[in-house]
*Asks:* 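Take a look at the following structure, please.
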Amino acid sequence: HSRHFLNRLATSTIHSRCFAGTLVLAEQVDNGKLAPVTLNTLTAASQLKQDVDCVIFGSEKTNETANELQKFNNLNIKRIFVAENAAFKNLLSESVTPALLDLQKKNNYTHILGGSSTFTKSILPRLAALLDVQPISDITKVIDKDQFMRLIYAGNAILKLKSNDPIKILTVRGTAFEAAKPATGSGEVKVEKLDSSVKNDLSEFVTRQVQQSERPELPSARIIFSGGRALKSKENFKLLYDLADLFPGQATVGASRAAVDAGYCPNDLQIGQTGKIVAPELYIAIGISGAIQHIAGMKDSKVIVAINKDGDAPIFSIADYGLTGDLFKILPELTEKLKKK
Ligand code: FAD
């Protein structure tokens, strides 16, 4: 009897150790589209060089999101799970986390990845706690299956870390990985419906206030006109909106924390360590000194332009182009010149 018991124990230990594969928590945005950061996450997932499953949670249009994901069949994606339920509206973490945990228990993934976003920041640490592993946030590089890079001290140092946890739960810094490109050839990725019965008596979605704007979201804008304390007032921020509106669909406005704290603009425009991380093709820092906490959020921009009246301002040390002068003279001139183009 005891030998039989030990055999069973050994088999169950082997089973529970039999981890395999990566799971990507794909993020759906309101219109049923994939959040752009999911494409960067797919690139990071493909660097782990093992099979990838994806899961999409939502209250509607999850099949449309899955169709979009199917185009990436060049990236080792084997299955796409869709879980649709009214309780996943607005992706409440209390609804999504138990469903994600069930999926993990069924498939024993070694790696679970999501893009760094408010969605994953709320869900993946909960999942990690329930699995009793250490979440690893905001990775900028995959070295191998156990080792990753991430920034620390507001981006002033790069940490190489090795995780011995059997399950790695990772969020991916979108700007550090290229967006995955859809496959050119054809191929099939299986889409499976997940049992999406939801156990959530802790919270319910009530309402959401969204800032309506014709301008693109900060992380997806190609050009960002970013203003600092030197703008001096909410009214003066209009100078930046006027500039951004000369590039419809491409440009938007960002800000330093000092500008946000002073009430010159809404706080969802804040860029930096405690704001958004952006990497547009063109970042124009206007009246921003270049504190490390601000630089942490924009230093990966392709071209950086600084406008500042202090020629020694630290922002010039990372700028590709610098204009030393008074922004209140430079901006109206720039706007006029661009209007003529
Ligand atoms: P200032 O540092 O006051 O710079 C204003 C600049 O405007 C100066 O360089 C000045 O020469 C120039 N200027 C003035 N008048 C003119 C003019 N007429 N024309 C042209 N130039 C002019 N900051 C962030 O931005 N994002 C963050 O996420 C963030 N997180 C933080 C987290 C922590 C924990 C801490 C401690 C701080 C954080 N900060 C953050 C704040 C950060 O340290 C700076 O205080 C802030 O970035 C300064 O904003 P600023 O450059 O607009 O203002």
Side-chain angles (χ1 to χ4, degrees), residues 37 115-118 120-122 137-138 140 150-159 171 173-176 211 217-221 223-244 251-280 282-301 303-338:
V37 74
S116 286
S117 68
T118 41
T120 57
K121 272 181 197 161
S122 157
S137 60
D138 230 8
T140 53
R150 60 187 299 271
L151 302 179
I152 53 169
Y153 302 126
N156 272 337
I158 302 168
L159 176 78
T171 62
R173 180 176 286 211
T175 55
Q211 207 96 30
E217 295 276 319
L218 268 175
S220 55
I223 308 171
I224 298 176
F225 292 95
S226 197
R229 195 196 312 268
L231 265 294
K232 285 193 180 137
S233 71
K234 201 171 173 176
E235 292 66 42
N236 289 338
F237 247 73
K238 190 173 174 307
L239 292 168
L240 305 188
Y241 292 117
D242 288 348
L243 272 167
T252 194
V253 173
S256 71
R257 175 155 142 187
V260 167
D261 286 352
Y264 304 162
C265 57
N267 60 6
D268 60 340
L269 298 195
Q270 184 178 319
I271 289 166
Q273 185 192 338
T274 41
K276 300 218 164 88
I277 311 280
V278 296
L282 178 60
Y283 187 89
I284 304 144
I286 303 161
I288 291 179
S289 58
I292 51 165
Q293 296 90 351
H294 186 80
I295 289 177
M298 45 63 77
K299 67 175 172 39
D300 291 327
S301 306
V303 176
I304 298 172
V305 176
I307 302 175
N308 199 303
K309 70 174 184 189
D310 172 6
D312 292 327
I315 191 78
F316 286 122
S317 64
I318 58 148
D320 300 285
Y321 300 93
L323 267 173
T324 311
D326 184 349
L327 72 91
F328 294 106
K329 269 176 77 182
I330 295 172
L331 290 194
E333 259 179 61
L334 186 64
T335 313
E336 278 319 301
K337 289 214 164 118
L338 285 170

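Order of appearance sets the numbers: ligands from 1, and atoms from 1 within every ligand.
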*Asks:* Checking a contact table here: which protein heavy atom is nearest atom 32 (C) of ligand 1, and how many Å away?
*Replies:* Arg257 NH1, 3.1 Å
*Asks:* Determine the sole option in Val305, Val278, Val303, Asp300 for which the side chain to side chain contact (heavy atoms under 4.5 Å, CB included) test with Tyr283 is passed.
*Replies:*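 Answer to the side chain to side chain contact (heavy atoms under 4.5 Å, CB included) test with Tyr283 among Val305, Val278, Val303, Asp300: Val278.
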*Asks:* Identify which of Ala258, Ala313, Ala285 has a heavy atom lying nearest to atom 49 (O) of ligand 1.
*Replies:*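 Result: the heavy atom closest to atom 49 (O) of ligand 1 is in Ala258.
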*Asks:* For ligand 1, note which part of Ala291 has a heavy atom under 4.0 Å away: side chain, backbone, both or neither.
*Replies:*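 The answer is the side chain.
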*Asks:* Pick one: which of Ile315, Thr175, Ile277, Ile224 meets side chain to side chain contact (heavy atoms under 4.5 Å, CB included) with Met298?
*Replies:* Ile315
*Asks:* Minimum heavy-atom separation for Leu269 and Tyr241, please, with both atom names.
*Replies:* CD1-OH, 3.6 Å
*Asks:* State the atoms of ligand 1, each with its element, that fall below the 4.0 Å cut-off from a heavy-atom position in Gly275.
*Replies:*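 Those atoms are 28 (O).
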*Asks:* Which residue and non-hydrogen atom of the protein lie closest to atom 36 (C) of ligand 1, and at what distance in Å?
*Replies:*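 Protein heavy atom at minimum distance: Gln293 NE2, 3.8 Å.
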*Asks:* Looking only at protein heavy atoms, identify the closest one to atom 30 (N) of ligand 1 and say how far it is in Å.
*Replies:* Thr274 OG1, 2.6 Å
*Asks:* Students should be able to answer this: which protein heavy-atom is nearest to atom 18 (N) of ligand 1, and at what distance?
*Replies:* Asp326 OD1, 2.9 Å
*Asks:* What protein heavy atom sits nearest atom 27 (C) of ligand 1, and how far away is it?
*Replies:* Gln270 NE2, 3.2 Å
*Asks:* Would you find a donor on one side and an acceptor on the other, under 3.5 Å apart, between the side chain of Asn267 and the backbone of Asp261?
*Replies:* no
*Asks:* May I ask you to check whether Arg150 and Ser137 show a side-chain donor-acceptor distance below 3.5 Å?
*Replies:* yes
*Asks:* Show the nearest heavy-atom pair for residues Arg229 and Ser256, with the distance to one decimal.
*Replies:*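 Arg229 and Ser256 have their closest heavy atoms at N-OG, 3.9 Å.
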*Asks:* Of the choices Ser256, Ser226, Ala259, which has the non-hydrogen atom that lies closest to atom 52 (O) of ligand 1?
*Replies:*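 The option holding the nearest heavy atom is Ser256.
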*Asks:* Just to confirm my output: which protein heavy-atom neighbour is closest to atom 19 (N) of ligand 1, and how far is it?
*Replies:*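 I find the closest protein heavy atom is Leu327 N, 2.9 Å.
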*Asks:* Check each atom of ligand 1 against the heavy atoms of Gln273 and keep those under 4.0 Å away; list them by number with element.
*Replies:* 27 (C), 28 (O), 32 (C)
*Asks:* Would you check the N or O atoms of Gly290, main chain and side chain alike, for any that come under 3.5 Å of an N or O of ligand 1?
*Replies:* no
*Asks:* Which residue and atom name correspond to the protein heavy atom nearest atom 6 (C) of ligand 1, and how close is it?
*Replies:* Gly287 O, 3.4 Å
*Asks:* More than 12 foreign heavy atoms under 6.0 Å from CD1 of Ile158: is that the case here?
*Replies:*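 At most 12 heavy atoms, drawn from other residues, nucleotides or ligands, come within 6.0 Å of this atom.
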*Asks:* With heavy atoms of Gly325 as the reference, note each atom of ligand 1 found under 4.0 Å away.
*Replies:* 19 (N), 20 (C)
*Asks:* Quick one: look up the protein heavy atom nearest atom 10 (C) of ligand 1 and list residue, atom name and how far away it is.
*Replies:*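 For atom 10 (C) of ligand 1, the nearest protein heavy atom is Asn308 OD1, 3.5 Å.
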*Asks:* Got more than 12 heavy atoms from elsewhere within 6.0 Å of NZ, Lys276?
*Replies:* yes
*Asks:* So, Ser226 side chain and Ala285 main chain: donor-acceptor pair closer than 3.5 Å or not?
*Replies:*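 Such a contact is absent between Ser226 side chain and Ala285 backbone.
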*Asks:* Below a 4.0 angstrom heavy-atom separation, can you tell me which part of Ile292, side chain or backbone, both or neither, approaches ligand 1?
*Replies:*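 The answer is neither.
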*Asks:* Taking all non-hydrogen atoms of both residues, which atom of Cys265 and which atom of Ala255 are closest, and how far apart?
*Replies:* SG-CB, 3.4 Å
*Asks:* Taking only heavy atoms of Gly228, which atoms of ligand 1 are found under 4.0 Å from at least one of them?
*Replies:*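 Every atom of ligand 1 under 4.0 Å from some heavy atom of Gly228: 52 (O).
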*Asks:* Nearest protein heavy atom to atom 45 (O) of ligand 1: under 4.0 Å?
*Replies:* no
*Asks:* Does Asn236 reach the main-chain N or O of Leu231 with its side chain, forming a donor-acceptor pair under 3.5 Å?
*Replies:* yes
